Amino acid sequence: MIGLQILVDGFAISALYALGAMGFTLIFGVSGVLNLTHGALMVMAAVAAWAASALFGLGSYAGAAIGILCGLAGALVTYFAVVAPIERSRAIPREEKEIFVLTGTLLWGIMIQELVAYFFTDNPKTVLPIVEGVFEIAGVRTPRNQVFTAVVCWIVIGLLWLFVNRARAGKVLLAASMNPRGVTLLGHDMGKIYVAVWAIYGLLAGTAGVLLGMFLGVSSYSVGPLTASAFSIVVLGGLGSVTGSLIAAYVVGYLETATAYLISPAYRVIPALLLLVAVMYLRPQGLLGRR
């Protein structure tokens, strides 16, 4: 029975991780930025949704929408206030900008974490679910909201796939991830492309954060583990590989779920990090990565 419970719960959390990793991978693929603010943006979106629905009584739908918009706003602020100034700076040597961006996003994420803790305390927050009730799957009692979470995640991932592979604007983003110089020569403004990518990322991170808040709840302490999980997923799958990130999301999700059930929730992130270390030694490019 516990094996089936791990199977069901792991599928939902893995879908959440996959959704969050899509934006993380998209940003790296197009702009080469590893955004260490990721966990903080997800927590901020979830807490905003909780505050809108629980404190201000706006309801679950309005709360979810506000949370997603906060994720979008947070991502754009991160780009314009942290990433863009570093990348455009002439005082920072070109070969050192990557480490400055990593440091800048890490510190910005810590600032967001501390602001969330200051205004809303460190206590866990659970977002009011859109779908309530439970039903049984092969004898395992499963919250309807859990199934709703997995379904929404895969719908959003599917829409992103259609946008990138079918829409003209999406094909431009895909081309920019492969050959930025060629896209520039065709007359496209890379600055606008970067803004579009960060906006898409913000919507994905905001959606994942709100759904996570409905599923497990979050607190300011969730920032570090969420960022670590996302980083593990994109490195394990291969930096810039969307398919690799999807596979890695399910590997990490099921590892964490099995650890939480069989050992302790306090150690849920440790096996994934150990796996990441092993992969970095044995296959540094990840499962499907090229660099």
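Since the structure is predicted, the reported quantities are computational estimates derived from the model, not experimental observations. Hydrogens, waters and symmetry mates play no part in the numbers below; they use all other heavy atoms, side chains included.
- Side-chain contact between Phe215 and Ile13: present, with at least one pair of heavy atoms (C-beta onward) separated by less than 4.5 Å.
- With rounding to the nearest 0.5 angstrom, the CG atom of Leu76 is 5.0 Å from the CG atom of Leu72.
- In terms of heavy-atom proximity, Gly74 sits nearest to Met44 at CA-CE, 3.6 Å.
- Looking only at side-chain heavy atoms (C-beta outward), Ile6 and Leu262 come within less than 4.5 Å of each other.
- You'll find the side chain of Leu41 reaches within 4.5 Å of the side chain of Ile112, heavy atoms only.
- Under a cut-off of 6.0 angstrom, the local environment of CZ in Phe231 is sparse, with at most 12 non-hydrogen atoms contributed by other residues, nucleotides or ligands.
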> Does the side chain to side chain donor-acceptor pair (under 3.5 Å) test come out yes or no for Ser220 and Asp122, once each step is laid out?
Replying inline: CA-CA 6 Å; Ser220 61; Asp122 294 324; 2.6 Å; yes
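- Between the side chain of Thr37 and the backbone N or O of Thr105 there is at least one donor-acceptor pair closer than 3.5 Å.
- Residues Tyr261 and Thr257 have side chains in contact (heavy-atom distance under 4.5 Å, counting atoms from C-beta outward).
- The shortest heavy-atom contact between Ala40 and Thr227 is N-OG1, 4.4 Å.
- Remark: Tyr201 OH to Thr25 OG1 distance equals 10.5 Å, nearest 0.5 Å.
- Although no hydrogens or angles enter the test, the distance criterion places no donor-acceptor pair under 3.5 Å between the side chain of Ser229 and the main chain of Leu226.
- Within 6.0 Å of atom CE in Met111, 12 or fewer heavy atoms from other residues, nucleotides or ligands are found, so the atom counts as exposed in its surroundings.
- Tracing side-chain contacts under 4.5 Å through hydrophobic residues (I, L, V, M, F, W, Y), one never reaches Tyr267 starting from Val277; they form parts of separate clusters.
- Two rings, from Tyr17 and Tyr250, have their centers 6.0 Å or more apart.
- A chain of hydrophobic side-chain contacts below 4.5 Å, direct or via other Ile, Leu, Val, Met, Phe, Trp or Tyr residues, connects Trp50 to Phe119.
- Hydrophobic cluster membership differs between Val131 and Val134, with clusters built from Ile, Leu, Val, Met, Phe, Trp and Tyr side chains linked at under 4.5 angstrom.
- Contact of the Leu173 side chain with the Val197 side chain is registered, since non-hydrogen atoms from C-beta on lie closer than 4.5 Å.
- The shortest distance between side-chain heavy atoms of Gln113 and Val43 does not fall below 4.5 Å.
- When all heavy atoms are compared, the tightest approach of Ala176 to Ile193 is CB-CG2, 4.1 Å.
- Separation of atoms CG (Leu128) and CG (Asn145) is listed at 9.5 Å; rounding is to 0.5 Å.
- Checked by atom type and distance alone, the side chain of Asn35 never pairs as donor or acceptor with a backbone atom of Ile27 at under 3.5 Å.
- In this structure, CG in Leu115 is found 10.0 Å from CZ in Phe120, a value given to the nearest 0.5 Å.
- Here CG of Leu216 is found 9.0 Å from OG1 of Thr126. Values are rounded to the nearest 0.5 Å.
- Grouping the Ile, Leu, Val, Met, Phe, Trp and Tyr side chains by contacts below 4.5 angstrom, directly or via other members, places Trp161 apart from Val152.
- Under the 3.5 Å distance criterion, the side-chain polar atoms of Ser89 are left unmatched by any main-chain donor or acceptor of Pro85.
- Legend: residues meeting side chain to side chain contact (heavy atoms under 4.5 Å, CB included) with Met22, ordered by chain and number and at least two apart, are Ile157, Leu160, Leu204, Val242, Ser245, Leu246.
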>> Using the rule given for side chain to side chain donor-acceptor pair (under 3.5 Å), can you reason through Trp108 versus Thr78, listing the C-alpha separation, both sets of side-chain angles and the distance that settles it, and then say yes or no?
In response: CA-CA 8 Å; Trp108 179 237; Thr78 301; 3.0 Å; yes
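- Here the CZ atom belonging to Phe28 is positioned 9.5 Å from the CZ atom belonging to Phe24, to the nearest 0.5 angstrom.
- Between Asn123 and Lys125, some side-chain heavy-atom pair lies under the 4.5 Å cut-off.
- Smallest separation of non-hydrogen atoms from Ala15 and Ala150: CB-CA, 4.0 Å.
- Between Phe100 and Glu87 there is no side-chain heavy-atom pair separated by less than 4.5 Å.
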